[in-house]
Amino acid sequence: MSPRSSSPPANASRSFNGPDPLNLRPLLLTWYLKNHRQLPWRGVDSDYKVLVSEFMLQQTQVATVLPHYERFLTRFPNMVSLAQATEEEVETAWSGLGYYRRARALRNAAQQIVSDHEAEVPTDFEDLKALPGVGDYTAAALGSIIHDEPYAAVDGNVMRVLTRLFGIEDSISNTSTQVKLRALAQELLEPEQAGDWNQAMMELGATVCAPKKPLCSVCPWEEHCVAHAKGIALDLPKKAKPKATVEVHRIAGVLLEEGRCLLTRRTEKLLYGTWELPGLDLDSPEGARERLREHLEHKLGVEVMVGNPLARVRHSITHHRIQVHGYAIKTNPKPRNKKNERIWASPGDVANLHTSSMTIKLLNAIAKLKG
DNA sequence: ATCCAGGGCT
DNA sequence: AGCCCTGGAT
């Protein structure tokens, strides 16, 4: 056994062992300035645009966000227009993006920014975190990108970069690991260029330090990366096992009349409040027809006849695997529109309602059938 | 068809 | 710790 107690770690002032920030920083920043993607919210002098982009980018990848971002900005061009919009208007503009709570939070955040911060995204970390829908990550992203405040932003990309760079094999599902990674990110941060630094970390994670196909040969940190040296990059980050999936059968009634389809408001927790074809969620498809008939007669208050299955689509939400069964329905008499509950919607109307991708998929399947 | 990426709230 | 959505990769 060789004695090792006599030599303290070279980086004793830091909470981690491994590459030195002073070496790492210029490598990443140079790489970023040369290689980053041109995105519509990058390099703009608009706190509002950054705010909208950060909310959309929560749990959502750039490619998915892009088309929604442009539409949303056209619809709500500035902080005040968003603050003054109704919840319904904002949800509609958010349709298809998912995690609809974010749309409501964003509107509420805009209202708070207008009323408490003179319509400008605040600078102080606690003020940022006090905004609805803003947690540690988003507060740091907004503060650094808009105001160049030295807050380290740690999202999933950054956690992947850090666990690989330092060869951290603890599960990132543990809160304690996340705390450790945030501290690490804060020490690594280039405090003079926090906005570029955070975006560089995320850009590296998104484009080079990818989950399945890391492009180590073009990584500015290749020679410093512990996981790369050990050949375990693909094994990191470690995370907890996902929950088992639950089967859900959505039994929906297709009421068609002169090119219009009857939609009602969803009352189940999943996708709550979105407009959809009327029906019910079941654990199994047993007795679907009869259950649907009872449900619709109760819900619509008319006599209901359930016909043939018209279409079937699949949709997965988190750990729910949903099979949507659409049955042809005849009623007597025809149910009437009812404000905020029932609407006979043309395809054009559907675009102006708060819907989910599940419903759009089913409507598309039916439209294809009918030609 | 399945797997998996991606933050905040309660 | 459990819950929420969509789409791209495989």
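Chain naming here is simple, since letters A, B, ... match the order of the sequence lines and numbering starts at 1 in each.
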Under 4.0 angstrom between [X] side-chain N/O and [N] OP1 or OP2:
| X | N | result |
| --- | --- | --- |
| A:N157 | B:dG6 | yes |
| A:Y100 | C:dT6 | yes |
| A:T318 | C:dC4 | no |
| A:R160 | B:dG6 | yes |
| A:R102 | B:dG7 | no |

[X], nearest nucleotide to its side chain (from [options]):
| X | options | result |
| --- | --- | --- |
| A:H320 | B:dC9, C:dC4, C:dG2 | C:dC4 |
| A:T138 | B:dG7, B:dA1, C:dC3 | B:dG7 |
| A:K213 | C:dG2, C:dT6, C:dT10 | C:dT10 |
| A:K269 | B:dT2, B:dG7, C:dC3 | C:dC3 |
| A:L270 | B:dA5, C:dC4, B:dG7 | C:dC4 |
| A:K239 | C:dT6, B:dG7, B:dA5 | B:dA5 |
| A:Y137 | B:dG8, C:dC4, C:dT6 | B:dG8 |
| A:K212 | B:dG7, C:dC3, B:dC4 | B:dC4 |
| A:H319 | B:dA1, C:dT6, C:dC3 | C:dC3 |

(request) Identify, between A:Y99 and A:T64, the residue whose nearest nucleotide on DNA chain C lies closer to the 5' end. (result) A:Y99
(message) If you assign A:H68 and A:T175 each to the DNA chain C nucleotide with the nearest heavy atom, which residue ends up on the more 5' nucleotide?
(response) A:T175
(request) Could you verify whether a donor N or O on one side chain and an acceptor N or O on the other, from A:R42 and A:Q199, lie under 3.5 Å apart? (result) yes
(request) Compute whether any side-chain donor of one residue and acceptor of the other, for A:T359 and A:R266, lie under 3.5 angstrom apart. (result) no
(message) Could you check, using the six-membered ring where one of them is a Trp, whether A:F72 and A:H68 have ring centers closer than 6.0 angstrom?
(response) no
(message) At 4.0 Å (heavy atoms only), tell me whether A:S356 reaches a base, stays on the sugar-phosphate, or touches nothing.
(response) sugar-phosphate
(request) Indicate, with a heavy-atom threshold strictly under 4.0 Å, whether A:P242 touches base, sugar-phosphate, or nothing. (result) nothing
(request) Could you say whether A:R101 or A:T245 is positioned toward the 5' end of DNA chain B, judged by the nucleotide with the nearest heavy atom to each? (result) A:T245
(message) By nearest heavy atom, map A:L131 and A:P211 onto DNA chain B; which one lands nearer the 5' end?
(response) A:P211
(request) Determine, step by step, whether A:E89 and A:R107 satisfy the side-chain contact (heavy atoms from CB on, under 4.5 Å) criterion, reporting the C-alpha distance in whole Å, the side-chain angles of both residues, the deciding distance to 0.1 Å, and the verdict. (result) CA-CA 10 Å; A:E89 287 169 336; A:R107 170 172 171 271; over 6 Å; no
(message) Using a 3.5 Å distance criterion without hydrogens, assess whether the side chain of A:R25 forms a donor-acceptor pair with backbone atoms of A:L189.
(response) yes
